[in-house]
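Shown next, in structure tokens, is the structure this report addresses.
Hydrogens, waters and symmetry mates play no part in the numbers below; they use all other heavy atoms, side chains included.
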Amino acid sequence: MDAVRVAVVGAGVIGLSTALCISKLVPGSSITILSDKFTPNTTSDVAAGMLIPHTYADASIHKQKQWFRETFDHLFAIANSSEAGDAGVHLVSGWQIFRNLPTEEVPFWADVVLGFRKMTDAELKKFPQHVFGQAFTTLKCEGPVYLPWLEKRLKERGVLVLTRQIQDLWELYQSFDIVVNCSGLGSRKLAGDSQIFPVRGQVLKVQAPWVKHFIRDGSTMTYIYPGASNVTLGGTRQKGDWNLSPDPEISSDIFSRCCALESSLHGAYDIKEKVGLRPSRPGVRLQKELLVQEGRRLPVVHHYGHGSGGISVHWGTALEATKLVSEWVHDLRISTPKAKL
């Protein structure tokens, strides 16, 4: 039996990880990734990559915790391997602080990260404007390093990677049996999804190698995330804003807010501005759809809409998308003459 031909549309962290999961878990599949943008020009390249989950209103806490745990376990294994440096994955410890007592002192993900605890009074002295905090160790996944590492793994597994702008999923009908749509904001057009919208994020990437602990203000959008090659200072959350050009006033505000939390950042240097558009919707779309047009049938799996939480759950949702692909493969093998497959 010939391979089932699978097209994955999109080459951010969601598209690449989904393609890798399919290549590992769906026997007899031939996979092609198609995208008009690849690293370093994806939203995933701008993301800070800290594994602190975003909450999705339309998914159960049980499901979100599963996605996060599977992603954490996957990246933790990489962080503990000789591949850690090449993959851009490492452990980082720090604090999440609050100006007022949060509604949840222990979030659902507390037993997934390492060493989660309430901050001591001595630790909180560093942050006189804050009344409560959580200390823990999590993982940081550096998009500009992790994405090329994923691409390398994919090519080693025989996955074809093509630069191509897809205007309509039906373009892929002749060449592929199943299409996996990981196009993020592109799904407004490709899937006719009016629910997906950009949430603009502007950050600064600075040199401040003395900053070793992350600091995240749970009451605002301010964060300081040290990485292997720079420190990410953020941020913004501008709904419906498509502007990819950095705003100098916003950069100044971000820098001031971060210096208020960590005054040593006044000495930061080599400051670079970055902007990304988070593909946001009420919840992640993980769904099968059978497109029908003039008697033609095109099985699709949609996997997009992670907003600001993509890297935190990417492997868990990719595993779920892969299960949906497996279901289509099963259906195709039952219903389609062997000649087509």
Side-chain angles (χ1 to χ4, degrees), residues 11-13 16 37-52 54 71 75-76 78-79 83-97 113 126-127 136-152 199-217 220-238 244-278 308-312 314:
V13 71
L16 297 183
K37 287 182 183 161
F38 289 86
T39 184
N41 300 311
T42 75
T43 298
S44 304
D45 289 286
V46 179
M50 288 288 291
L51 265 71
I52 302 175
H54 171 80
T71 305
L75 292 176
F76 189 57
I78 295 171
E83 292 285 315
D86 290 341
V89 179
H90 60 270
L91 290 163
V92 59
S93 300
W95 303 289
Q96 178 164 248
I97 52 177
V113 298
K126 181 173 171 63
F127 309 106
F136 54 94
T137 298
T138 188
L139 289 153
K140 191 170 190 296
C141 178
E142 313 260 353
V145 184
Y146 184 60
L147 266 60
W149 183 81
L150 285 175
E151 280 188 21
K152 186 180 176 192
V199 175
R200 183 181 182 275
Q202 182 167 322
V203 299
L204 304 177
K205 305 277 186 176
V206 310
Q207 292 299 314
W210 58 87
V211 176
K212 304 296 186 188
H213 284 72
F214 74 81
I215 303 168
R216 182 177 192 268
D217 188 333
T220 69
M221 288 171 289
T222 306
Y223 53 80
I224 300 163
Y225 293 152
S229 58
N230 55 41
V231 181
T232 302
L233 309 182
T236 66
R237 198 176 288 258
Q238 298 159 274
L244 280 166
S245 300
D247 181 327
E249 285 187 22
I250 289 175
S251 292
S252 178
D253 177 60
I254 290 170
F255 192 69
S256 296
R257 283 189 275 134
C258 290
C259 286
L261 292 180
E262 178 55 69
S263 59
S264 72
L265 284 169
H266 282 291
Y269 57 97
D270 193 16
I271 298 169
K272 293 183 170 68
E273 301 167 299
K274 300 281 184 182
V275 176
L277 304 179
R278 307 174 182 99
S308 60
I311 288 180
S312 288
H314 74 276

Steps toward side chain to side chain donor-acceptor pair (under 3.5 Å) verdict (Thr220, Arg257): CA-CA 10 Å; Thr220 69; Arg257 283 189 275 134; 5.1 Å; no
4.5 Å side-chain heavy-atom contact, Ile52 and Phe214: yes
Check: Val113 and Leu51 side chains under 4.5 Å, non-hydrogen atoms: no
Residue pair Thr138 / Leu91, side-chain heavy-atom distance below 4.5 Å: no
Flag, side chain of Ser256 to backbone of Ser252, donor-acceptor distance under 3.5 Å: yes
Short side-chain to backbone donor-acceptor contact, Gln207 and Ser229, under 3.5 Å: yes
Donor-acceptor contact present, side-chain Arg278 to main-chain Gly310, <3.5 Å: no
Test item: Thr43 side-chain N/O and Leu277 main-chain N/O as donor-acceptor pair under 3.5 Å: yes
Flag side-chain contact, heavy atom, 4.5 Å: Pro226 against Lys212: no
Spacing of Thr39 atom OG1 and Leu147 atom CG [to the nearest 0.5 Å]: 5.0 Å
Evaluation steps, side chain to side chain contact (heavy atoms under 4.5 Å, CB included), between Val199 and Ser308: CA-CA 8 Å; Val199 175; Ser308 60; over 6 Å; no
Side-chain heavy-atom pair Ile250, Arg200 within 4.5 angstrom cut-off: yes
From CG (Asn41) to CG (Leu244), nearest 0.5 Å: 10.5 Å
Euclidean distance, Cys258 SG relative to His266 NE2, rounded to 0.5 Å: 11.0 Å
Working for side chain to side chain contact (heavy atoms under 4.5 Å, CB included), residues Leu75 and Tyr146: CA-CA 10 Å; Leu75 292 176; Tyr146 184 60; 3.8 Å; yes
Residue Lys126 excluded, over 12 heavy atoms near NZ under 6.0 Å: yes
Gap between atom SG of Cys141 and atom NE2 of His314 - 0.5 Å precision: 5.5 Å
Ser245: side-chain contact (heavy atoms from CB on, under 4.5 Å) partners, not counting sequence neighbours: Asn243
Salt bridge (Lys or Arg N to Asp or Glu O under 4.0 Å) partners for Asp217, two or more places apart: Arg99
Whether Gln202 side chain and Asp247 backbone form a donor-acceptor pair below 3.5 Å: yes
Side chain proximity check, Lys272 to Val206, heavy atoms < 4.5 angstrom: no
Shortest non-hydrogen contact between Phe127 and Leu261, atoms and distance: CE2-O, 3.7 Å
Minimum heavy-atom distance between Phe255 and Ala268, given as atom pair plus value: CE1-CB, 4.3 Å
Smallest separation among heavy atoms of Thr232 and Ala48, with atom names: CG2-CB, 4.0 Å
Distance, nearest 0.5 Å, that separates CD of Gln96 from CD1 of Ile215: 12.0 Å
Where Leu265 and Ala208 come nearest, the two heavy atoms and their spacing: CD2-CB, 3.9 Å
Note, Val46 side chain near Val275 side chain (heavy atom, < 4.5 Å): no
Closest heavy-atom pair and its distance - Lys205, Ala47: NZ-O, 4.0 Å
Geometric class of the Tyr269/Trp210 ring pair [parallel <30°, tilted 30-60°, perpendicular >60°]: tilted
Closest non-hydrogen atom pair between Val203 and Gly234, with its separation: CG1-CA, 4.4 Å
Heavy-atom side-chain proximity of Val92 to Met50 below 4.5 angstrom: yes
SG-CD1 distance between Cys259 and Ile254, expressed to the nearest 0.5 angstrom: 12.0 Å
Sequence neighbours excluded, every pair satisfying salt bridge (Lys or Arg N to Asp or Glu O under 4.0 Å) that has a member inside residues 39-48: none
